[in-house]
Amino acid sequence: MRHLFLLFRPAQRRIAFPKPLDCPPGCHYMSTWPDHAPSTWRESVAITSRTVKYMCRETLGKWPIGDIAFGIKYHMKHQGTIQHDYAGKDSLQLKGDETVSELMYLLNYLRLCFYFSKRPFPEFLQYGGYCQDNVLIQNSKARLLRPAFTIVCDEKSRSFIIIIRGATSTRDRLTAATSGEVPFRHINIQKGGVVNFVKGYAHCGMVAAARWIAKYAVPCLNKAKNQFPDYEIKVMGHSMGAGVAAILTHILRERKEFASSTCLAFAPAACMSWELAESGKEFITSLINRNDMVPSFSKVSADNLRSEVVGSSWLNDVVGPIPLNKLFKAINQHVAFLQSCLVFMSSSRQEVRNDADIALCPQPIISEASINSRTSFLSTTVEEHLQISSSFKNPIREFSSLSFTSSEKRPTNFTPKRPIKLNSDPSSKEHKQLFPPGRIIHMVSLPDLASKESIRVYENPRSLYAKMRLSPDMIRHHYMPSYVEMLELLIEDLTNKKE
């Protein structure tokens with residue numbers, strides 16, 4: 001274990017990824033978040049170490065053990081049916097022949113993604129009606145920030161299809177867990193002119209994976225386009241592969257010869273900020289199934305969920321009259337001891353605890369007179385501390401906790417003109433909310449008056465996916481077989497209603 005630590009620590013210190021050129025002013029970019037796939041084993045070790053520490057800090061470093069064991073289940077129980085939220089007044093129900101045709105179109109390519117992700121490559125070729133000559137690129141082995149993908153020439157639809165596999169291996173899951181936000185810009189070039197220029201943030205691991213795929217796909221597509229200039233480009237994927245496909249489509253559309261590229265994102269991960277997601281509504285279609293949690297899962301939404309779970313009254317309902325306080329206290333003491341041994345977990349936990357205490361405390365109404373009195377008391381207290389500190393030999397060392405915003409030396413009669421903010425960290429990075437890309441189509445199953453499930457499909461606004469909604473079947477609804485089954489039932493139901 002010691003040798004493994006010595007291997008990870010020096011590699012992470014030596015390797016620092018450069019700050020991207022499109023990073024806006026004031027952006028606190030973390031140099032350990034890469035914007036490209038690793039090219040050496042040292043970079044792979046550094047990224048893996050950074051990702052593992054990030055995962056531990058965002059899970060065990062922030063979530064109390066009781067909230068993980070009981071609070072989440074209590075929150076799901078009292079949340080009720082969540083599919084009604086996706087069929088509200090702001091949602092547009094889709095009906096008619098055009099909807100049936102679009103769903104059949106999506107079902108065809110979803111099955112194609114399923115065969116590429118879950119079946120051997122020869123079976124994928126057999127299902128799609130392809131031969132080996134139709135395969136332009138085949139990369140079936142995934143690595144860190146390098147997902148498996150393929151490019152095939154589909155003569156039936158007269159298009160080049162890029163399929164990106166989702167997170168099916170440990171390396172893919174590390175790519176999905178490298179979820180820091182990095183600056184990303186999109187320049188939509190059409191007919192030789194710049195039509196739209198959008199700047200925002202995107203998922204770090206998916207941006208690096210999309211740029212790695214583009215490095216090999218662009219020369220191949222240029223050569224194929226010269227041979228078949230009227231063929232279109234279709235990019236698609238499931239889960240993490242859908243997020244990478246959406247970002248890759250943005251990259252491809254910046255070139256004039258690929259300006260007509262489109263994307264089909266099945267169960268897409270929250271991978272880009274609001275501005276970038278809205279800019280792709282014309283060429284990206286995202287399909288979501290019932291209680292699938294992945295499209296709304298991001299760091300900001302997870303923090304909001306943690307605040308809801310911590311602020312709920314699950315402890316009183318779970319413990320009740322049973323004297324389990326000593327057991328919970330003993331468990332929390334052991335967990336706190338383990339977290340104190342890991343610096344990157346304990347510091348984050350302390351910050352979250354302070355924020356939670358401030359958030360849960362009722363905010364009193366303070367009058368102007370009380371503010372003035374407290375300000376004068378605070379200034380007097382500062383004067384006393386400064387006078388006492390002069391009697392020490394090394395006052396800076398003794399009172400290192402007293403810090404000012406300016407580097408100038410303060411006089412002893414210093415009176416603050418504005419309230420002092422406690423526990424402030426000006427270098428902390430503000431995390432950005434990420435959303436699913438493009439136009440969002442959501443399949444829901446609602447109970448009707450006859451105690452049966454009514455299957456419907458809606459086009460939903462993006463704001464619905466800023467909040468995480470938990471459900472017992474939120475994982476099962478994310479898998480591709482569940483998507484295929486729901487699409488088949490929906491097409492059958494709409495066809496029967498039409499007849």
Side-chain angles (χ1 to χ4, degrees), residues 94 98-114 116 128 130 134 136-137 147 149-166 184 186-191 195-196 198 202 206-207 209-211 213-214 217-218 220-222 224-225 228-269 271-272 275-288 295 435-442 457 459 462 483 487:
L94 303 179
E98 295 183 358
T99 301
V100 175
S101 301
E102 184 178 10
L103 293 178
M104 294 179 65
Y105 174 82
L106 293 173
L107 179 60
N108 181 32
Y109 285 109
L110 177 60
R111 287 173 175 167
L112 197 64
C113 291
F114 174 78
F116 174 72
Y130 307 128
N134 298 123
L136 304 182
I137 294 180
F149 75 100
T150 185
I151 303 178
V152 295
C153 178
D154 193 341
E155 298 176 356
K156 298 178 182 178
S157 61
R158 302 180 65 84
S159 60
F160 301 109
I161 300 177
I162 305 176
I163 304 177
I164 305 172
R165 193 172 66 189
F184 184 79
H186 170 57
I187 304 174
N188 188 6
I189 300 179
Q190 190 174 9
K191 295 182 180 180
V195 177
N196 195 10
V198 183
M206 298 181 189
V207 169
R211 287 173 176 168
I213 295 176
V218 169
C220 177
L221 292 175
N222 277 328
K225 269 283 191 178
F228 303 100
D230 57 336
Y231 275 35
E232 298 179 350
I233 298 176
K234 298 178 182 179
V235 192
M236 59 193 68
H238 173 265
S239 188
M240 182 201 74
V244 177
I247 298 175
L248 177 61
T249 306
H250 280 284
I251 296 175
L252 293 178
R253 288 179 65 91
E254 293 183 353
R255 296 175 174 268
K256 179 181 177 181
E257 58 273 19
F258 306 144
S260 60
S261 302
T262 58
C263 175
L264 299 179
F266 302 105
C271 58
M272 57 183 66
E275 296 80 7
L276 289 170
E278 282 290 323
S279 65
K281 294 183 69 173
E282 296 181 359
F283 53 89
I284 299 176
T285 301
S286 296
L287 182 66
I288 302 175
F435 297 90
R439 171 174 170 253
I440 301 176
I441 299 177
H442 201 128
V457 59
E459 182 177 346
R462 201 173 316 280
Y483 270 76
L487 271 175

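Computed over heavy atoms, backbone and side chain alike; hydrogens, waters and symmetry mates excluded.
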Residue pair I288, Y483: steps toward the side-chain contact (heavy atoms from CB on, under 4.5 Å) verdict: CA-CA 8 Å; I288 302 175; Y483 270 76; 4.3 Å; yes
Side-chain (N222) to main-chain (V218) donor-acceptor, under 3.5 angstrom: yes
Donor-acceptor pair, side chain of R462 and main chain of G438, under 3.5 angstrom: yes
side-chain contact (heavy atoms from CB on, under 4.5 Å) between M272 and M206, intermediate numbers included: CA-CA 10 Å; M272 57 183 66; M206 298 181 189; over 6 Å; no
Look up atom [atom1] in [X] and atom [atom2] in [Y], then write down how far apart they are to the nearest 0.5 Å.
X	Y	atom1	atom2	result
R439	I284	CZ	CD1	12.5 Å
F116	I164	CZ	CD1	9.0 Å
L221	L136	CG	CG	7.5 Å
L112	I161	CG	CD1	5.5 Å
C153	R158	SG	CZ	9.5 Å
C263	H250	SG	NE2	8.5 Å

Considering residues at least two apart in sequence or located in another chain, which fulfil the side chain to side chain contact (heavy atoms under 4.5 Å, CB included) criterion with [X]?
X	result
A210	V244, I247, L248, I251
E282	none
R111	L107, Y127, V484, E488

Looking at every heavy atom in both [X] and [Y], which two are closest together, and how far apart are they?
X	Y	result
I441	E102	CD1-OE2, 3.5 Å
V235	A245	CG1-CB, 3.6 Å
A269	P437	O-CD, 4.2 Å
I151	A217	CD1-CB, 3.7 Å
C113	M236	SG-CG, 3.6 Å

Flag side-chain contact, heavy atom, 4.5 Å: [X] against [Y]:
X	Y	answer
H186	E275	no
L287	L487	yes
I213	P147	yes

CA sep, side-chain torsions, deciding dist, call: T249, F258, side-chain contact (heavy atoms from CB on, under 4.5 Å): CA-CA 9 Å; T249 306; F258 306 144; over 6 Å; no
Y231 and F160 aromatic ring geometry - parallel, tilted or perpendicular at 30°/60° bounds: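 Plane angle between 30° and 60°, so tilted.
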D154 vs K234, side-chain contact (heavy atoms from CB on, under 4.5 Å): CA-CA, chis, key distance, verdict: CA-CA 10 Å; D154 193 341; K234 298 178 182 179; over 6 Å; no
Partner set under ring-ring contact (aromatic ring centres under 6.0 Å, His included) for Y109, not counting sequence neighbours: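 Applying ring-ring contact (aromatic ring centres under 6.0 Å, His included) to Y109 gives Y105.
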Residues in ring-ring contact (aromatic ring centres under 6.0 Å, His included) contact with F435, at least two apart in sequence or another chain: W274
Within 6.0 angstrom of E155 CD, more than 12 heavy atoms from elsewhere: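 Atom CD in E155 is not packed in, count stays at 12 or less.
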Any residue meeting salt bridge (Lys or Arg N to Asp or Glu O under 4.0 Å) with E232, in chain and number order, not counting sequence neighbours: none
